[in-house]
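Structure first, commentary second.
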Protein chains: 2
Amino acid sequence: MVKRTSHRDADCPVARPLDAIGDWWSLLIVRDAFDGLRRFGEFQKSLGLAKNILSARLKNLVSHGILDTVPASDGSAYQEYVLTGKGRGLFPLLVALRQWGEDHFFQPDESHVTLLDRGTGLPVRRLELRSQDGRLLEPEDTVVKRLPPSEKGDG
Amino acid sequence: MVKRTSHRDADCPVARPLDAIGDWWSLLIVRDAFDGLRRFGEFQKSLGLAKNILSARLKNLVSHGILDTVPASDGSAYQEYVLTGKGRGLFPLLVALRQWGEDHFFQPDESHVTLLDRGTGLPVRRLELRSQDGRLLEPEDTVVKRLPPSEKGDG
DNA sequence: GAGATATGGTTTTAATATGAAACCACATGG
DNA sequence: CCATGTGGTTTCATATTAAAACCATATCTC
């Protein structure tokens, strides 16, 4: 149904999640779930995608533990789709995507929605990468490495 | 070549970027670009994808201003692909994806690479969303809203 | 300078995924 | 019992992807 990761990248933490959310719709479904949508029909109306595709994406998200199906809520025999802890963990990624989108995909005069702090009504801070001691890190300031196996518990 | 965003979501800053990076490979190409890869052959070797697909993805990334083609570097008649400012802006998104992947797609005993502060060799901090005044924000603490049109320049 | 090899693609063709629409099952309302 | 709404699945046409073959240019060898 969805492409399997089958190349040498399979042990990269960037590549592996793409089976779960690497397609066009899945992230939008998750975004809608963060906005409180729960029902099949709500997602379909919001996204305007074909029902079979939505069905497949929801199944895939559930199978990856990003959404969970819960029985009722309004007493009907239907089920609802809610974010799991793993799904909620996608919040920073969605914010990063949103901020990048705001920065680079809108004309200066083009209005769009933005993310606000509910308490103050002010825009949220920009996401930024920092070191343990708080320095702002640019891409050049980082390396990806296999950590030396930590010796906790077996020394 | 690549799917066009054509539904009502087109003015959402989460949805619009998906034309550019919403497919399986593009983010991995960008990740490799952050790792310093520049040549067609380098990307192909690293990712193991078909040449026609790589060609299409590179074209799409270039057409979206994420990569730029520069003439030489080793004097050969070929071109290289380098990140633009817009492309570099994807760094937080990649870090978010990486952190989420590390958290949820590996067994506790399964080793994988991680992102380190080049200076200290320590892991980087976790990405987190904060308010203007520095409070940590959970999804529930935020709203998406169309900002009231700022009056700068015409009051 | 003719032939072998490497790089950087494009073209061709088959497999796969996507999307629209029709269909189905169940429940609710009259 | 008939009509309607929700939540899907099935069917089928089309679009995307992928593998492999092909091509152009450049370099390397003799």
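Lettering of chains follows the sequences in order, A, B, ..., and the numbering in each one begins at 1. Computed from a prediction, not measured in an experiment: that's the story for all the values here.
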Return no unless some side-chain N or O of A/W25 is found under 4.0 Å from OP1 or OP2 of C/dT18.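 It does not, given that no N or O in the side chain of A/W25 lies less than 4.0 Å from OP1 or OP2 of C/dT18.
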
Hey, what's the ring geometry for B/Y81 with B/F43, parallel, tilted or perpendicular (30° and 60° as the breaks)?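 Answer is perpendicular, since the angle exceeds 60°.
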
Below 30° counts as parallel, above 60° as perpendicular, anything between as tilted: where do the rings of A/W100 and A/F105 land?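 Geometry flag for A/F105 against A/W100: perpendicular rings.
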
Spell out, yes or no, whether A/V144 and B/L122 are grouped together once hydrophobic residues are joined by side-chain heavy atoms under 4.5 Å, including indirect joins.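 In one cluster: no.
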
Should B/I53 and B/L47 be counted in the same cluster of Ile, Leu, Val, Met, Phe, Trp and Tyr side chains packed under 4.5 Å apart?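 Yes: a chain of side-chain contacts under 4.5 Å links B/I53 to B/L47.
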
Atom [atom1] of [X] and atom [atom2] of [N]: how far apart are they, to the nearest Å?
{"X": "A/F43", "N": "D/dG8", "atom1": "CZ", "atom2": "P", "answer": "11 Å"}
{"X": "A/D23", "N": "C/dT18", "atom1": "CG", "atom2": "C1'", "answer": "11 Å"}
{"X": "A/L37", "N": "D/dG7", "atom1": "CG", "atom2": "P", "answer": "12 Å"}
{"X": "A/Q44", "N": "C/dG19", "atom1": "CD", "atom2": "P", "answer": "12 Å"}
{"X": "A/I29", "N": "D/dG8", "atom1": "CD1", "atom2": "P", "answer": "12 Å"}
{"X": "A/W24", "N": "D/dA15", "atom1": "CH2", "atom2": "P", "answer": "17 Å"}
{"X": "B/L54", "N": "D/dA20", "atom1": "CG", "atom2": "P", "answer": "17 Å"}
{"X": "A/I53", "N": "C/dA20", "atom1": "CD1", "atom2": "C1'", "answer": "10 Å"}

Any chance you could list the contact pattern along nucleotides 6-13 of chain C? Use B for base contacts, S for sugar-phosphate-only contacts and - for none, protein heavy atoms under 4.0 Å, 5' to 3'. -BBBBBB-

Using the side-chain hydrogen bond (donor to acceptor under 3.5 Å, both in side chains) criterion, which residues pair with B/T120? Sequence neighbours excluded.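 Residues passing side-chain hydrogen bond (donor to acceptor under 3.5 Å, both in side chains) with B/T120: B/D117.
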
Test salt bridge (charged side-chain N to carboxylate O under 4.0 Å, His left out) on B/R88 and A/E140 and set out the steps. CA-CA 11 Å; B/R88 289 173 50 87; A/E140 299 74 26; 2.4 Å; yes

